[in-house]
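Sharing a structure here in structure tokens format.
These figures come from a predicted structure and were not determined experimentally. Numbers for residues simply follow the sequence, beginning at 1.
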Amino acid sequence: MILTPKELEGVLVYVDYAPLPILKSNATNEQKIIYANYIIERLNENKIDTPFFSKNTSNN
């Protein structure tokens with residue numbers, strides 16, 4: 001489990017309809033970067049062999 005960075009305290013909203021916390025609009029640019037890195041880590045959690053950003057190989 002990935003812990004929430006201390007820099008994001010007070011600027012995250014936890015809601016029932018979203019699996020990840022949502023960043024408030026009053027976040028600083030530094031907090032936005034930290035949030036982006038945090039979300040990428042959370043999305044890649046338990047997916048060591050499969051990167052989050054992968055090519056779509058379907059021909060649809």
Side-chain angles (χ1 to χ4, degrees):
M1 179 165 180
I2 298 170
L3 298 176
T4 304
K6 289 172 66 173
E7 296 87 355
L8 297 179
E9 289 180 9
V11 293
L12 294 179
V13 176
Y14 296 87
V15 293
D16 293 337
Y17 60 85
L20 297 169
I22 299 171
L23 189 67
K24 291 182 180 179
S25 61
N26 65 335
T28 65
N29 286 340
E30 182 180 347
Q31 288 171 320
K32 291 175 185 177
I33 293 168
I34 293 168
Y35 175 76
N37 291 330
Y38 168 69
I39 293 299
I40 289 169
E41 285 185 45
R42 288 282 307 270
L43 291 171
N44 283 321
E45 193 174 37
N46 302 324
K47 295 181 183 179
I48 295 170
D49 296 331
T50 307
F52 174 68
F53 298 104
S54 61
K55 292 182 179 179
N56 183 356
T57 57
S58 67
N59 292 328
N60 294 344

Can you hop from Ile39 to Val15 via hydrophobic side chains spaced under 4.5 Å?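 No, Ile39 and Val15 fall in different hydrophobic clusters.
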
Taking the side chain as everything from C-beta on, heavy atoms only, tell me whether Glu30 gets closer than 4.5 Å to Ile33.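 They are not in side-chain contact.
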
Of all the heavy-atom pairs spanning Glu7 and Gln31, show the shortest one and how long it is.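 Looking at all heavy atoms of both residues, the shortest contact is O-NE2, 2.9 Å.
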
Linked, directly or transitively: Tyr17 and Val13 (ILVMFWY side chains, under 4.5 Å):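 Yes.
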
Could you go step by step and tell me if Leu23 and Leu12 meet the side-chain contact (heavy atoms from CB on, under 4.5 Å) rule? CA-CA 5 Å; Leu23 189 67; Leu12 294 179; 4.0 Å; yes

Gap separating the NZ atom of Lys6 from the CG atom of Leu8, nearest 0.5 angstrom: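 CG of Leu8 is found 12.5 Å from NZ of Lys6.
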
Would you check if Tyr38 and Arg42 make a side-chain contact, meaning some heavy-atom pair closer than 4.5 Å?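 In contact.
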
Where do Pro21 and Tyr35 come nearest, in terms of heavy atoms and distance?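 Nearest pair, atom of Pro21 first, then Tyr35: O-OH, 2.6 Å.
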
Distance in Å, Lys24 NZ paired with Ile22 CD1, rounded so as to fall on 0.5 Å steps: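 One gets 11.5 Å once the value is rounded to the nearest 0.5 Å.
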
Quick one: do Tyr14 and Leu43 end up in the same hydrophobic cluster if we chain Ile, Leu, Val, Met, Phe, Trp and Tyr together by side-chain heavy atoms under 4.5 Å apart?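 As far as the 4.5 Å side-chain criterion goes, Leu43 and Tyr14 are connected within one cluster.
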
A side-chain contact here means heavy atoms from C-beta on lying under 4.5 Å apart; do Thr28 and Val11 qualify?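 When only atoms from C-beta onward are counted, Val11 and Thr28 do not touch, as no gap falls below 4.5 Å.
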
To the nearest 0.5 Å, tell me how far Leu3 CG sits from Glu41 CD.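 Spacing of CG (Leu3) from CD (Glu41) equals 10.5 Å.
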
